[in-house]
Amino acid sequence: MSNRWRAAGIKLLLFLLCLLPFLYLLWDAFNGNLGANPVEALTHRSGDWTLRMLLVTLAVTPLRRTTGYSLLRHRRMLGLFSFFYAVVHLTIYVWIDQVFLWDEIVEDIIKRSYITVGFTALMILLPLAVTSTRGMQRRLGKRWKSLHKGAYIAAALGCLHFLWLTRADTLEPYIYIAVFVVLMLLRLKREQIPGFLRR
Amino acid sequence: MLIKKPDHIKFSEITTQSDYLRRRDFLKKGLYAFAGLGLSGIAEALVKAPGKNPAIANLADAGFSVDEDLTPYDLVTSYNNYYEFGTGKSDPVENSKAFESRPWHVVVDGECEEPGEIDIEDILTGITQEERIYRLRCVEAWSMVVPWVGFPLSTLLKRFKPTAKAKYVSFETLHDAERMPGQKRAVLDWPYREGLRIDEAMHPLTILATGLYGELLPNQNGAPLRLVVPWKYGFKSIKGIVRIRFSEEQPQATWNMNNPREYGFYSNVNPRVEHPRWSQKYHRVIGGGIFSSKVKTEMFNGYADEVASLYTGMDLRKNF
Ligand code: HEM
């Protein structure tokens with residue numbers, strides 16, 4: 001099999017894999033499998049997948065560094081999936097959770113710090129999605145790279161959003177935070193690591 | 001510590017306020033009947049038992065009901081906040097399957113003349129259990145309507161003869177990590193504690209529940225004995241009670257200790273006082289499905305006529 005076919009196969013596989021949580025969510029929604037509070041389940045599951053996809057996207061470079069396996073050519077798709085889940089998450093919040101109670105929505109965005117932070121993360125992801133095309137990448141040149149560093153900030157804010165919305169049991173958000181921190185550390189170049197920690 | 005068992009006090013000796021309410025309700029029903037009006041909103045017959053747990057015998061219909069539909073039994077018993085059995089909503093039903101709620105004793109002490117201990121069987125056989133259909137409003141902005149089975153808390157408290165110093169009543173949940181696996185993690189400062197002012201505790205709407213839907217309480221709902229205070233956020237209605245104490249000082253309350261900025265001692269349902277992280281103006285009715293709209297939250301969860309007078313002159317924004 002030629003390399004091109006292999007890459008296309010991997011791409012299709014990844015695409016379906018990334019779409020699976022969404023299809024599963026739809027399936028559960030239509031079959032009434034979302035439990036006693038389906039709205040909460042929808043918000044939580046879409047939020048979870050936004051953050052997971054964002055972290056998967058940020059794992060591409062560390063994965064290549066540590067194992068040599070590169071998903072670089074699929075990174076854009078992974079990132080766009082994260083944006084897709086964020087849009088689903090927001091749509092669920094505005095349409096199904098708040099049922100277009102705009103005063104409540106605006107109040108939430110301004111006053112509830114966890115929503116402010118989530119909203120900011122989404123506002124950071126939006127231009128990244130818009131400028132993710134190859135054409136935009138070429139046109140923006142060097143600035144594209146610095147713009148897309150915003151993904152780290154969005155992920156950090158996503159973690160904070162999760163931590164701040166949790167009432168008492170913070171184990172799960174801390175797991176995401178730990179994954180985020182490890183991914184960041186794995187990105188450090190040798191000269192960025194303090195001497196006593198270098199091998 | 002020696003705990004004196006109270007001598008037999010017949011419950012019939014105590015005239016409770018609920019008798020008074022019952023009479024009033026009877027009058028109300030009579031009037032409706034006279035006028036030929038429908039009785040919607042007043043429970044006519046007891047709800048149908050689903051046959052999942054032993055039924056509670058000699059159940060009285062105390063006439064407490066609401067206009068809203070009952071939340072289906074399956075939802076009432078599968079969507080619970082009971083951190084003693086895990087922090088997820090579906091953890092309690094899963095993790096409480098092996099929980100044995102017998103034998104069970106409740107210690108009652110503190111500022112009272114006859115401190116003692118009472119067995120759950122004595123409670124079930126010695127006190128007439130009533131059906132009380134109440135709204136339940138969780139601080140997380142969702143609600144249910146539950147047909148509880150229980151009796152006024154005051155009925156039990158009076159038995160122990162609280163003194164003039166008894167300004168508050170506090171409650172504690174069982175603390176036994178072997179039986180309540182959620183306690184293996186220090187998510188909250190165990191044991192779970194809650195408290196009421198004595199007038200709140202003696203209020204006829206405040207009950208101790210032993211069942212729901214005509215049957216003994218499922219473990220995940222707080223078996224064998226839990227508090228139900230329908231005008232306060234759900235977390236005040238402490239589950240799995242093993243201790244009740246009268247005190248002169250305001251007692252500790254678990255969520256209040258955990259985060260005093262977010263959870264006050266009173267925690268009355270109040271749409272005008274927001275939780276710092278979300279609005280309390282609306283809530284979602286459990287059982288409404290995906291496309292149900294939110295419902296406006298009422299002051300004191302719709303029980304203002306009955307309880308507002310407990311708080312006259314108090315700034316409920318400060319004492320939230
Ligand atoms: C306008 C933007 C956003 C809004 C309005 C929003 C709103 C919400 C709400 C209302 C919840 C449920 C809170 C609760 O049940 O107490 C939630 C949960 C969550 N959101 Fe967001 N969110 C936004 C953006 C994001 C973004 C960008 C991410 C990820 C990067 C994210 C990740 C999550 C996660 C992980 C959860 C928790 C899921 C769980 O508990 O399992 N959200 N969000």
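In this text the structure is predicted, and so the values were computed from the model without any measurement.
- With a 4.5 angstrom heavy-atom cutoff, B:Thr71 does not touch chain A via any of its atoms.
- For the set B:Trp278, B:Phe291, B:Trp142, the count of heavy-atom pairs under 4.5 angstrom toward chain A peaks at B:Trp278.
- Contact count versus chain B (heavy atoms, under 4.5 Å) is highest, among A:Val99, A:Asp108, A:Val39, for A:Val39.
- From B:Ser293, atom OG reaches atom CD of A:Gln98 across 12.0 Å, with rounding to the nearest 0.5 Å.
- Heavy atoms from other residues, nucleotides or ligands lying under 6.0 Å from NZ of B:Lys296 number 12 at most.
- A heavy-atom distance below 4.5 Å is not found between the side chains of B:Lys294 and A:Glu104.
- Taking a 6.0 Å sphere around CZ of A:Phe30, one finds it holds 12 or fewer heavy atoms contributed by other residues, nucleotides or ligands.
- A pairwise comparison of heavy atoms in A:Ala36 and B:Ile286 identifies O-CG2, 3.5 Å as the closest pair.
- If you measure heavy-atom distances from A:Ala41 to chain B, you find no contacts under 4.5 Å at all.
- We find that B:Glu262 and A:Arg167 are not joined by a salt bridge, their nearest charged nitrogen and carboxylate oxygen being 4.0 Å or further apart.
- Around CZ of A:Arg65, the count of heavy atoms belonging to other residues, nucleotides or ligands within 6.0 Å exceeds 12.
- Atom OG of B:Ser279 is separated from atom NZ of A:Lys111 by 8.0 Å, given to the nearest 0.5 angstrom.
- Ion pair B:Arg284/A:Glu40 not flagged as a salt bridge, since none of the NZ, NE, NH1 or NH2 atoms sits closer than 4.0 Å to an Asp/Glu carboxylate oxygen.
- Distance alone, capped at 3.5 Å, is enough to place a donor-acceptor pair between the B:Arg277 side chain and the A:Thr166 backbone.
- In this structure, A:Asn37 CG and B:Ser90 OG are separated by 11.5 Å, a value rounded to the nearest 0.5 Å.
- Considering all non-hydrogen atoms of both residues, A:Pro38 and B:Gly289 come closest at CG-C, 4.0 Å.
- In this structure, B:Ile290 CD1 and A:Trp95 CH2 are separated by 9.5 Å, a value rounded to the nearest 0.5 Å.
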side-chain contact (heavy atoms from CB on, under 4.5 Å) evaluation trace for B:Arg185 with A:Leu171: CA-CA 10 Å; B:Arg185 290 178 52 215; A:Leu171 177 66; 3.5 Å; yes

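- If you tally non-hydrogen atom pairs under 4.5 Å between each of B:His275, B:Met144, B:Glu140 and chain A, the highest count goes to B:Glu140.
- Of the atoms belonging to A:Leu34, it is side-chain heavy atoms, and not backbone ones, that fall under 4.5 Å from chain B.
- Of the two parts of A:Leu101, only the side chain, counted from C-beta on, holds a non-hydrogen atom closer than 4.5 Å to a non-hydrogen atom of chain B.
- Of the two parts of B:Asn81, only the side chain, counted from C-beta on, holds a non-hydrogen atom closer than 4.5 Å to a non-hydrogen atom of chain A.
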